[in-house]
Protein chains: 2
Amino acid sequence: MTRKSSSVTIRDVARHAAVSVATVSRFINRNAPVSQEVAERIQQVMLDLNYKPHTTARQLATRRTLTVGLVIHNMHTDFFAPLLSGIEAVVSENQYNLLVATYDYKTHHHRPLPIGPHNTDGLLSYSDCLNEEQLTDLGRQKFPVVLIHRTAPPHLRIPFVTVENKAATRKLISHLIQVHGRRSIIFMRGPSEQEDSYWREQGYRDALDEHGIPFQSDLILCGEFNRTAAYAAFKRFLARKHPPFDAIFTGDDDAAIGVFKALKEAGLRVPEDVSVVGFDDARLSSFLNPPLTTVRAPTHQVGSTAAALLFDLIQERPIEACTLLPTEIVLRRSCGCAYENPGEPFYDVVR
Amino acid sequence: MTRKSSSVTIRDVARHAAVSVATVSRFINRNAPVSQEVAERIQQVMLDLNYKPHTTARQLATRRTLTVGLVIHNMHTDFFAPLLSGIEAVVSENQYNLLVATYDYKTHHHRPLPIGPHNTDGLLSYSDCLNEEQLTDLGRQKFPVVLIHRTAPPHLRIPFVTVENKAATRKLISHLIQVHGRRSIIFMRGPSEQEDSYWREQGYRDALDEHGIPFQSDLILCGEFNRTAAYAAFKRFLARKHPPFDAIFTGDDDAAIGVFKALKEAGLRVPEDVSVVGFDDARLSSFLNPPLTTVRAPTHQVGSTAAALLFDLIQERPIEACTLLPTEIVLRRSCGCAYENPGEPFYDVVR
DNA sequence: GGGATTAGTGTAACCGGTTACATTAAAGCA
DNA sequence: TGCTTTAATGTAACCGGTTACACTAATCCC
């Protein structure tokens with residue numbers, strides 16, 4: 001294998017500065033007094049030799065990695081950019097590094113999780129990338145973990161950060177019913193076992209109940225929170241014998257793009273023939289034609305909050321066990337509202 | 001500090017299995033024969049004790065981290081999602097981890113680079129996050145580095161991956177001149193020292209030259225490749241005494257969003273009054289109103305190519321020193337073209 | 001002035017793995 | 001049968017830091 005050019009170690013520095021390695025270490029870490037004179041000598045030698053402390057060795061000795069891990073299943077959708085950005089901001093503020101692993105127990109369960117107590121000080125886990133067994137295992141080791149977009153199994157005391165899904169969805173669906181008179185509303189599920197999808201569906205059902213509209217299982221499709229799958233699922237729906245519909249809740253904004261396309265191909269107009277609404281308020285949602293009515297989720301803030309929580313955990317500060325960030329519905333034209341939003345996306349009608 | 005619950009080590013496993021640590025290590029790494037019987041015993045003990053090899057210790061002993069680093073200055077724009085996604089795909093395919101650091105020598109130069117030979121096996125560096133001195137330093141240690149969206153200083157033999165900026169820009173500007181009769185074209189620069197910006201400006205100048213249009217320095221603005229800065233810069237331009245203009249090359253797509261907004265506020269129509277063109281073909285560009293004419297840069301592929309190159313370097317395979325990925329102009333409506341693109345963004349008129 | 005404290009330093013064990021080298025027993029071969 | 005090869009294993013040094021403990025000399029305090 002690659003033989004690294006033998007690098008200069010703390011012992012080299014010690015020898016050249018005519019002191020012990022302990023003294024050099026103390027100088028570097030400033031955790032014990034070192035005389036002025038010796039300090040200067042060490043400083044000079046370090047420069048001369050271009051010495052860089054060996055991160056890995058230090059990690060082994062101190063059992064602290066100054067790194068946090070993030071597990072996500074992939075980065076294929078726009079959703080992850082603001083999430084990552086929020087996490088990254090807090091991580092670098094704390095002078096930590098971020099180790100990113102794409103891992104999903106459903107597809108990688110034969111492979112051990114590449115992130116854990118042995119290479120990070122704490123872990124952020126998105127959605128259902130880890131299963132309960134893995135979480136239990138980490139919990140048993142008292143390893144700091146914060147869950148993102150999923151709640152923790154109650155017997156594990158793992159803090160989590162997610163967004164308010166149910167009430168916002170209920171409000172959005174109610175809006176379709178009350179304001180726009182829609183009654184046959186398609187619901188597109190996300191990936192199964194995705195909690196967001198579950199709660200959004202509850203909100204959808206609640207809204208129907210509230211207005212006395214019976215739930216119809218053949219209005220439930222699977223959009224997978226992704227434009228391509230949503231397009232395909234909706235095409236299949238249109239092709240087969242299906243009940244009439246006058247609105248679609250696409251589950252998330254990315255799926256709405258696929259639905260827009262399928263509707264266009266079918267010659268159906270949005271919002272005249274069909275109201276379309278999404279969830280997330282992704283960066284491009286206000287640019288769609290028509291602009292997409294959706295629920296604004298503070299994804300960047302989800303990331304930063306989760307990361308902040310993780311540092312609280314790592315530093316053993318008291319923490320908030322569960323954080324449910326508020327969402328708000330954003331009315332644009334795709335539901336049938338006629339608001340003109342000048343200068344989108346800078347201004348939105350929010351309520 | 002946090003005292004980790006003492007974890008089970010290879011010596012514990014060895015003791016319980018009544019073998020030496022070497023044998024356990026061999027069994028784990030499958031790099032020397034171990035008898036069937038002993039193998040089973042070790043396997044069982046590992047399960048019983050829930051033993052997990054200590055990544056850091058292994059890294060120290062083998063001097064291989066199975067991790068690659070990525071240095072970017074931030075993740076604030078949409079540009080990074082496809083880049084990261086491309087990198088990530090190749091990294092996880094190679095069963096490596098990805099360590100992400102946001103670092104910029106201009107703002108962090110007092111702080112040492114958190115990524116290097118001591119915690120990664122190779123490094124991807126975006127644009128001008130690292131300065132020449134830092135690159136030289138890494139080069140001297142023969143540390144594998146691949147540059148993204150910048151060329152390497154010639155005396156350092158560092159491979160790089162970037163996109164074809166100049167010819168595409170020249171073609172795009174020529175299109176504005178020849179097809180749409182534009183002659184007073186604003187050019188928005190990106191961040192100074194950004195190579196992409198430099199080459200795009202060269203392409204812009206070449207196109208002017210080619211058509212005998214004199215270069216006007218007061219048509220050069222600074223958009224910073226970002227919507228907010230571009231909006232502000234363009235507002236300032238409009239507010240002061242300025243030469244007439246009939247087109248804008250915004251430097252990149254994100255900046256185009258800010259320009260769109262400022263134009264709308266000024267009551268100028270796109271493309272009737274002003275042609276607007278960008279660069280990148282970001283995910284939302286085809287959704288803008290009007291859809292943005294731009295240059296398609298294979299950003300995902302830039303990421304995957306750079307990562308693949310880095311692995312070639314790490315594994316000491318022969319490599320391509322410089323990779324210039326092709327770009328193509330994408331005509332939509334913002335320049336004045338009248339193509340109807342059915343089902344944007346799935347189909348584009350590309351040429 | 002004598003005991004207690006503190007500044008400044010060194011020695012060596014330790015973190016948890018890998019691996020060069022040595023050793024023994026079994027298998028292969030003439 | 002005797003010699004060489006190979007399978008299987010153990011011992012201990014090593015990777016490059018940190019830090020507990022020991023020690024000396026100087027300073028403080030009553």
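The figures here come from the full heavy-atom set of this structure, side chains too, leaving out hydrogens, waters and symmetry mates. Bear in mind the structure is a predicted one, so any value in this text is a computation, not a measurement. Naming convention: chains lettered A, B, ... in sequence-line order (proteins, then strands); numbering from 1 in each chain.
For the atom pair B:Arg111 CZ and B:Asp104 CG, the distance stands at 11.5 Å (nearest 0.5 Å). Rounded to the nearest 0.5 Å, atoms OG1 (A:Thr65) and CG (A:Asn97) are 8.5 Å apart. Interatomic distance, A:Ser20 OG to A:Ile10 CD1, rounded to the nearest 0.5 Å: 9.0 Å.
Between A:Ser25 and D:dT18 there is a side-chain N or O to OP1 or OP2 distance below 4.0 Å. Taking 4.0 angstrom as the limit, B:Arg58 places a side-chain polar atom (N or O) nearer than this to OP1 or OP2 of C:dT18. Between A:Thr23 and C:dT9 there is no side-chain N or O to OP1 or OP2 distance below 4.0 Å.
Comparing A:Ala18 and B:Ala22 by the nucleotide of DNA chain C that holds the closest heavy atom to each, the one mapping nearer the 5' end is A:Ala18.
Whole-Å rounding puts the B:Asn29 CG to D:dT9 P distance at 16 Å. A:His54 has its NE2 atom 17 Å from the P atom of C:dG16, to the nearest Å. Across the protein-nucleic acid pair, B:Leu60 atom CG and C:dC15 atom P stand 14 Å apart, rounded to whole Å. Across the protein-nucleic acid pair, A:Asn119 atom CG and C:dG17 atom C1' stand 14 Å apart, rounded to whole Å. Residue B:Ile42 contributes atom CD1, which lies 13 Å from atom P of C:dG17 at whole-angstrom precision. Atom CZ in A:Arg63 sits about 17 Å away from atom P in D:dG17, given to the nearest Å. Following rounding to the nearest Å, A:His118 (NE2) and C:dG16 (P) show an atom-to-atom distance of 9 Å.
In this structure, the nucleotide among D:dC15, C:dT18, D:dG17 sitting nearest to the side chain of A:Tyr51 is D:dG17. When the nucleotides D:dT18, D:dG16, C:dG10 are ranked by their closest atom to the side chain of A:Ser20, C:dG10 comes out on top. Side-chain proximity of B:Val19 to the nucleotides D:dG10, D:dT18, C:dG16 is greatest for D:dG10.
In terms of polar N and O atoms assigned as donor or acceptor, the side chain of B:Arg26 comes within less than 3.5 Å of the base of D:dG10 in a complementary pairing. You'll find a donor-acceptor pair under 3.5 Å spanning the side chain of B:Arg11 and the base of C:dG17, going by distance alone.
Counting non-hydrogen atoms under 4.0 angstrom, A:Thr9 reaches the backbone sugars and phosphates but no base. Counting any heavy atom pair closer than 4.0 Å across all strands shown, A:Phe27 reaches no nucleic acid atom.
The six-membered or imidazole ring of A:Phe79 lies near that of A:His149, with a centre-to-centre distance under 6.0 Å. Checked against a 6.0 Å centroid threshold, the rings of A:Tyr126 and A:Tyr103 do not count as neighbours.
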Discussion item. Go through it in stages, so that I can follow the logic: the residues are A:Tyr96 and A:Phe311, the test is ring-ring contact (aromatic ring centres under 6.0 Å, His included), and I'd like the CA-CA distance, side-chain angles, deciding distance and then a yes or no.
Written reply: CA-CA 10 Å; A:Tyr96 261 60; A:Phe311 283 109; 4.9 Å; yes

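Of the residues in residues 30-40 of chain A, those with a non-hydrogen atom less than 4.0 angstrom from any atom of DNA chain C are A:Pro33, A:Val34, A:Ser35, A:Val38.
B:His76 pairs by the side-chain hydrogen bond (donor to acceptor under 3.5 Å, both in side chains) definition with nothing, not counting sequence neighbours.
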